[in-house]
Undergrad: 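If you scroll down you'll find the structure; I have some questions about it.
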Protein chains: 2
Amino acid sequence: MTVGQNIHSSPIPVLCHSCEARHSGVCGALDPDQLVRFAETTTRHKIEPGGALIGDAEPVYSYSNLLSGVVKLTKTLSDGRQQIVGLQFSPDFLGRPFKLESAINAEAATSVTLCSFPRAAVERMMKESPELEHRLFKQTLNELDDARELMVTLGRKTAPEKVASFLLMIGRNMHSGVDSAERPTCFDLPLTRAEISDFLGLTNETVSRQLTRLRADGVIRIENKRHVTVDSMSRLEQRCGGRVAPL
Amino acid sequence: MTVGQNIHSSPIPVLCHSCEARHSGVCGALDPDQLVRFAETTTRHKIEPGGALIGDAEPVYSYSNLLSGVVKLTKTLSDGRQQIVGLQFSPDFLGRPFKLESAINAEAATSVTLCSFPRAAVERMMKESPELEHRLFKQTLNELDDARELMVTLGRKTAPEKVASFLLMIGRNMHSGVDSAERPTCFDLPLTRAEISDFLGLTNETVSRQLTRLRADGVIRIENKRHVTVDSMSRLEQRCGGRVAPL
DNA sequence: GTGCTGGCTTGACCGAAATCAGGGCTTCGG
DNA sequence: CCGAAGCCCTGATTTCGGTCAAGCCAGCAC
């Protein structure tokens, strides 16, 4: 199982060597040969919080793998009302295939590192490798599942349930490690209060009030505004409104 | 361009001959040979309003093409609160590939006709024909776009804007023919008031009030509770909250 | 130091939509 | 014919979350 031993097929590019996208992300679909050709077209970027990745109604020239950090996908009404329609975590693929213009904005919520490739390179690879398209398809299906879950939260949950659901979602995405229902789980919120409110269809005041209430009730602790400790995940779950996802 | 002339490749199955799914739907991905083999496994159904197509948390044994009618996709909280997370029109493909259990319910909103195939047949065909998977991928991307559009409506629009947005969406989907911003457009609502409220995150009372208000303001006319005439689409658009989709 | 800015919290008040309630209409089946 | 059920409309009242306003605190420029 050593790498780069095959004389004819090229060794795996240095950059990709330890890249998470090669394992769980979409690049895992490519064989070493393809990966080498593909890697020639890629560039790495670091983007600070607030930096724009994709502009609404702008033509899209490149796609990216998200290597670290959190990206928020937003839509804005002309009078400024904003809704976050999705969050992306590593090793998600960023971009809307088969459409020149994006209908949404993508913005760095935290510090973000990207591996970007020109639009054409991805489309060429996708034609060449059905497995690549297959992985993108699967990720899109997961995004659709997430989107529909969020719809229930937006349309039918109360403010306390919304905030609890958000914390649960973030806890599950940000916390790498054992997920025990009873052991304390902690993580840093990747969003400000205002952003959380744009995610949940609330105001920052309401989000703030619900967080203090959760704190007062001993469900969570908060340090430095951002660092959250959930003592009992199951108590948090109870506040999310009846279970939707059956398991 | 006559069909079924080639002696070796089979003629197109009779059932599929005039089927919309063969043109704009996913079956267009298959060549006549594949279509014949595939058609052997299909069955047609008619389902009356309220009939269940896919149950939450039930294993899925078949996928379908929606040939006519409207299907609503719903999610329900344990206390009964419900959210419609999507509507499907012909010739949409119904079902969640790559997952044994559906996380949502699918139910006929109107009378519905389906062309169903066993799970295994679709998955076999998908492996055989990347073009089939490609079409499913594209449909899924469109569903994701729709879902995110609906999220803005759910999270950030007022009740009047929600109802106007719903009418606009239905008008665009149900009205086959020329879309003029100024010519009267009419269509039948595929949902009851209660269902519209589950779609928009409102109550049926609020939906009813907003509809009467639109009627009082001369934006729409309603006959027999279900048949809607929009005299000026542009006036309706003005009531949807600032444009999201840039065009 | 001072002043400014931006994110967060808290309180007082208000209003949009939910809830509660009643009544009309149509479609059933007896 | 009648009554029951479902869907829809409308009015009165309540309430949850939004709006407005003030203050705190950390970071930062000067």
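Protein chains get the first letters and strands the later ones, always in sequence-line order, with residue 1 at the start of each.
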Undergrad: Enter the inter-axis angle for the ends of the helix from C/dG1-D/dC30 to C/dG30-D/dC1 (five pairs per end, rounded to 10°).
TA: 30°
Undergrad: For A/Glu143, is there an ion pair with A/Arg96 - N to carboxylate O distance below 4.0 angstrom?
TA: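 Result for this pair is no, no salt bridge flagged.
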Undergrad: Got a sec, which residues hit side-chain contact (heavy atoms from CB on, under 4.5 Å) with A/Lys225, two or more places apart in sequence or on another chain?
TA: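 A/Lys225 satisfies side-chain contact (heavy atoms from CB on, under 4.5 Å) with A/Arg193 once adjacent residues are dropped.
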Undergrad: Could you note down all residue pairs passing salt bridge (charged side-chain N to carboxylate O under 4.0 Å, His left out) where residues 196-211 of chain A supplies at least one of them, sequence neighbours left out?
TA: A/Asp198-B/Arg156
Undergrad: Hey, are B/Glu195 and B/Lys72 close enough for a salt bridge, meaning a charged N less than 4.0 Å from a carboxylate O?
TA: yes
Undergrad: So what does A/Leu211 touch, heavy atoms closer than 4.0 Å: a base, only the sugar-phosphate, or nothing?
TA: nothing
Undergrad: Does one side chain, of A/Gln83 or A/Thr74, offer a donor that lies under 3.5 Å from an acceptor on the other?
TA: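 No pair is found: no donor N or O on one side chain lies under 3.5 Å from an acceptor on the other.
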Undergrad: Going by the ring pair (Phe, Tyr, Trp, His ring centres under 6.0 Å) test, which pairs reach into residues 76-95 of chain B, not counting sequence neighbours?
TA: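 For residues 76-95 of chain B, and leaving out neighbouring residues, the ring pair (Phe, Tyr, Trp, His ring centres under 6.0 Å) pairs sorted by first residue read B/Tyr63-B/Phe93.
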Undergrad: When we call it a touch if two heavy atoms are under 4.0 Å apart, what does B/Gly50 touch: a base, just sugar-phosphate, or nothing?
TA: nothing
Undergrad: Nearest whole Å is fine: how far is D/dC9 P from B/Asn224 CG?
TA: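 Interatomic distance, CG of B/Asn224 to P of D/dC9: 12 Å.
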Undergrad: Under a 3.5 Å cutoff, is there a donor and acceptor pairing between the side chains of B/Thr113 and B/Ser68?
TA: yes
Undergrad: From CD1 of B/Ile222 over to C1' of D/dC7, roughly how many Å is that when rounded to an integer?
TA: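 It is 14 Å, rounded to the nearest whole Å.
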Undergrad: Kindly say if A/Thr206 contacts the phosphate of D/dG18, meaning a side-chain N or O under 4.0 Å from OP1 or OP2.
TA: yes
Undergrad: Do NZ/NE/NH1/NH2 and the carboxylate oxygens of A/Arg239 and A/Asp217 come within less than 4.0 Å?
TA: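 Looking at A/Asp217 together with A/Arg239, the answer is yes, because their closest N to O distance falls below 4.0 Å.
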Undergrad: Can you check the A/Asp198 CG to D/dG18 C1' distance for me, whole Å?
TA: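 Roughly 14 Å, once rounded to whole Å.
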Undergrad: Report the C-alpha distance between B/Lys157 and B/Glu149 in whole Å, list the side-chain angles of each, state the deciding distance to 0.1 Å, and finish with yes or no for salt bridge (charged side-chain N to carboxylate O under 4.0 Å, His left out).
TA: CA-CA 11 Å; B/Lys157 290 191 184 179; B/Glu149 193 61 45; 5.2 Å; no
Undergrad: Extract from the structure each pairing of a protein N or O with an N or O of nucleotides 11-15 of chain C at less than 3.5 Å, listing the distance.
TA:
unit_1	atom_1	unit_2	atom_2	d
C/dG11	N7	A/Arg209	NH1	3.0

Undergrad: Is the backbone N or O of B/Gln88 less than 3.5 Å from a side-chain atom of B/Asp92, with the two atoms forming a donor-acceptor pair by type?
TA: no
Undergrad: Would you mind reading off the distance between B/Leu189 atom CG and D/dC7 atom C1', rounded to a whole angstrom?
TA: 13 Å
Undergrad: Can you see which heavy atom on A/Gly95 is nearest to which on A/Ile54, and at what distance?
TA: CA-CD1, 4.3 Å
Undergrad: Given atom CG of B/Leu214 and atom P of D/dT10, what is their separation to the nearest angstrom?
TA: 13 Å
Undergrad: In whole angstroms, how far is the P atom of C/dA16 from the CG atom of B/Leu200?
TA: 19 Å
Undergrad: Starting at CD of A/Glu223 and ending at P of D/dA26, how long is that distance when rounded to a whole Å?
TA: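 Rounding to the nearest Å, CD of A/Glu223 and P of D/dA26 are 15 Å apart.
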Undergrad: Taking CZ from B/Arg156 and C1' from C/dA16, how many angstroms apart are they, rounded to a whole number?
TA: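 Going from B/Arg156 (CZ) to C/dA16 (C1'), I get 15 Å.
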Undergrad: Extract from the structure each pairing of a protein N or O with an N or O of nucleotides 6-8 of chain C at less than 3.5 Å, listing the distance.
TA:
unit_1	atom_1	unit_2	atom_2	d
C/dC8	OP2	A/Arg193	N	2.8

